[in-house]
Undergrad: 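First the structure, then my questions, so here it is.
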There are 2 protein chains.
Amino acid sequence: MNKFDKPEKILATALKLFVEYGFHGTPTSKIASEAGVSNGTLFHYFKTKDELVVALYTSLKSELSHFLIAKISETEVIKEKFRKLFTCSVEWAVENRDAFYFLQQFHFSPHRGLVSTEEIQQHSEIHLTLLQDARRAKVLKPLPPELIASLFLQQINGLYQYLTTHAEPVEKQQKWINDVFELTWTMISNPEAQ
Amino acid sequence: MNKFDKPEKILATALKLFVEYGFHGTPTSKIASEAGVSNGTLFHYFKTKDELVVALYTSLKSELSHFLIAKISETEVIKEKFRKLFTCSVEWAVENRDAFYFLQQFHFSPHRGLVSTEEIQQHSEIHLTLLQDARRAKVLKPLPPELIASLFLQQINGLYQYLTTHAEPVEKQQKWINDVFELTWTMISNPEAQ
DNA sequence: ATCTTTATTGACTGATCAGTCAATCCGAAC
DNA sequence: GTTCGGATTGACTGATCAGTCAATAAAGAT
């Protein structure tokens with residue numbers, strides 16, 4: 001194995017094990033051995049176990065973030081940007097179940113406090129700017145932006161939950177994703193304007 | 001302290017500590033000492049730490065469940081039942097932040113597998129029967145019931161998230177709760193029938 | 001070729017902690 | 001007042017595991 005791959009391999013292995021056994025249930029020794037490196041190497045790249053957990057979180061967050069930014073910049077109309085954001089988020093979540101699950105797991109763990117607020121906000125920058133654009137264009141209901149953001153994100157979550165627990169053919173999945181997006185859009189958009 | 005209070009006191013203390021430090025970050029010894037009992041007493045009432053975690057989960061779940069059932073049985077019209085279910089869930093969540101947070105934390109932890117599927121379903125019985133009633137009355141959109149349930153639950157979640165991170169006067173909170181319920185209802189209900 | 005830095009190893013340690021247990025305590029029953 | 005079963009205690013243990021370290025190897029640098 002190329003040395004440059006090792007930290008990546010460690011992160012990938014940690015993800016798999018954390019999702020299966022939790023942070024506590026996964027000893028660093030097991031991560032190291034399953035990743036095919038020695039105990040010491042793991043601590044060479046990540047000073048502590050906590051640092052490894054946080055590194056995994058930021059790595060996945062920015063992966064998702066870049067993926068979404070790339071997809072969204074292709075479109076122009078605001079509603080279509082929202083649609084892209086929605087569908088791509090769900091698709092990424094379903095195709096990277098472990099990663100998406102881990103992000104939730106992390107969110108509801110004390111490790112969350114180890115990530116600075118700025119870093120967290122930097123990753124939801126897309127959502128915020130898109131929301132501001134929509135606000136300026138007056139296409140949104142008169143609700144607090146943060147509330148709209150929260151509802152929007154939880155719709156993605158709800159869909160992820162459903163799709164990962166009910167096996168369905170891909171076309172059906174696509175249909176639900178589009179249907180739920182339309183419902184969500186009706187929910188948050190202002191019928192008066194636009 | 002009355003001996004009958006001890007298991008309850010242990011559960012309450014565990015809740016507080018689990019939310020603050022996580023399952024792993026909370027030694028049983030700390031739970032015992034903060035609850036004002038000895039190490040041995042804790043293990044007298046709960047054979048293992050895992051059993052304590054699961055006991056806390058089922059205890060909170062059934063507390064919420066009974067609370068909701070009591071509130072809902074007061075009303076008759078289906079939409080009003082949904083409204084009650086929604087508003088009461090959110091209010092309970094906001095007034096029992098730690099408890100609601102813990103339920104999520106538990107949900108995204110390996111402990112989840114320790115609770116039998118039947119037990120989990122038993123606790124969401126209200127949601128399921130209400131959903132079946134609504135289905136029979138044909139007031140819902142033609143989507144899979146589980147998908148509707150998931151979206152409904154995540155709306156509660158999104159609102160909880162917003163309300164717990166943005167301090168607002170109680171009247172405002174009430175307004176958002178009602179507004180979001182109406183939005184949710186429009187989202188899941190069939191405008192044709194009713 | 002020599003020197004310096006960085007990567008890698010795995011045996012080791014010190015601390016932590018879940019769970020045990022023998023001993024006491026307490027209250028209820030009769 | 002004696003008996004008996006559960007409640008309570010806290011010191012103790014065996015196992016686990018995060019993180020160290022001294023030694024070795026490999027990779028660059030000049």
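Naming convention: chains lettered A, B, ... in sequence-line order (proteins, then strands); numbering from 1 in each chain. Quick caveat, the model's predicted, so the values are computed rather than measured.
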Undergrad: Can you name the ring pair (Phe, Tyr, Trp, His ring centres under 6.0 Å) partners of A:Phe18, sequence neighbours left out?
TA: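 Expected list: A:Phe23.
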Undergrad: So, is B:Ser38 near the phosphate of D:dT9, with a side-chain N or O under 4.0 Å from OP1 or OP2?
TA: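 Indeed, a polar side-chain atom of B:Ser38 lies that close.
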Undergrad: Under the ring pair (Phe, Tyr, Trp, His ring centres under 6.0 Å) rule, collect the residues that match up with A:Tyr101, sequence neighbours excluded.
TA: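 With neighbours one apart ignored, the set is B:Phe108.
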Undergrad: Could you list all N or O pairs between the protein and nucleotides 19-25 of chain D that sit under 3.5 Å apart?
TA:
| residue | atom | partner | partner atom | Å |
| --- | --- | --- | --- | --- |
| D:dG19 | OP2 | A:Lys49 | N | 2.6 |
| D:dG19 | O6 | A:Asn39 | ND2 | 3.4 |

Undergrad: Looking at B:Lys6, does any N or O in its side chain come under 4.0 Å of the phosphate oxygens OP1/OP2 on D:dA7?
TA: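 Checking D:dA7 against B:Lys6, no side-chain N or O comes under 4.0 Å of OP1 or OP2.
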Undergrad: Please list, chain by chain and in numerical order, all residues satisfying ring pair (Phe, Tyr, Trp, His ring centres under 6.0 Å) with B:His166, sequence neighbours excluded.
TA: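 Applying ring pair (Phe, Tyr, Trp, His ring centres under 6.0 Å) to B:His166 gives B:Tyr162.
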Undergrad: What is the distance from NZ of A:Lys30 to P of C:dG10, rounded to the nearest Å?
TA: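 In whole Å, C:dG10 P lies 19 Å from A:Lys30 NZ.
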Undergrad: Given atom CD1 of B:Ile31 and atom P of C:dT16, what is their separation to the nearest angstrom?
TA: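 Computing the B:Ile31:CD1 to C:dT16:P distance gives 17 Å.
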Undergrad: Is B:His44 near enough to D:dA7 that one of its side-chain N or O atoms lies under 4.0 angstrom from OP1 or OP2?
TA: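 B:His44 to D:dA7 OP1/OP2: side-chain N or O found under 4.0 Å.
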Undergrad: Contact between A:Phe67 and A:Glu63 at the side-chain level, heavy atoms closer than 4.5 Å - yes or no?
TA: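 They are not in side-chain contact.
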Undergrad: Checking B:Asp50 now: which residues fulfil salt bridge (charged side-chain N to carboxylate O under 4.0 Å, His left out) with it, not counting sequence neighbours?
TA: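 Testing B:Asp50 for salt bridge (charged side-chain N to carboxylate O under 4.0 Å, His left out), a comparison that skips the adjacent residues, returns none.
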Undergrad: Among all residues two or more places apart in sequence or in another chain, which pass the side chain to side chain donor-acceptor pair (under 3.5 Å) test with B:His24?
TA: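 Applying side chain to side chain donor-acceptor pair (under 3.5 Å) to B:His24 gives A:His24.
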Undergrad: Report the distance from atom NE2 of B:His24 to atom C1' of C:dC17, rounded to the nearest whole Å.
TA: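 It works out to 10 Å between those atoms.
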Undergrad: Specify the separation, in whole Å, of atom NE2 of A:His111 and atom C1' of D:dA18.
TA: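 Distance, rounded to whole Å: 12 Å.
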Undergrad: Rounded to the nearest angstrom, tell me the gap between atom CG in B:Leu42 and atom P in D:dG10.
TA: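 Answer to the nearest Å: 14 Å.
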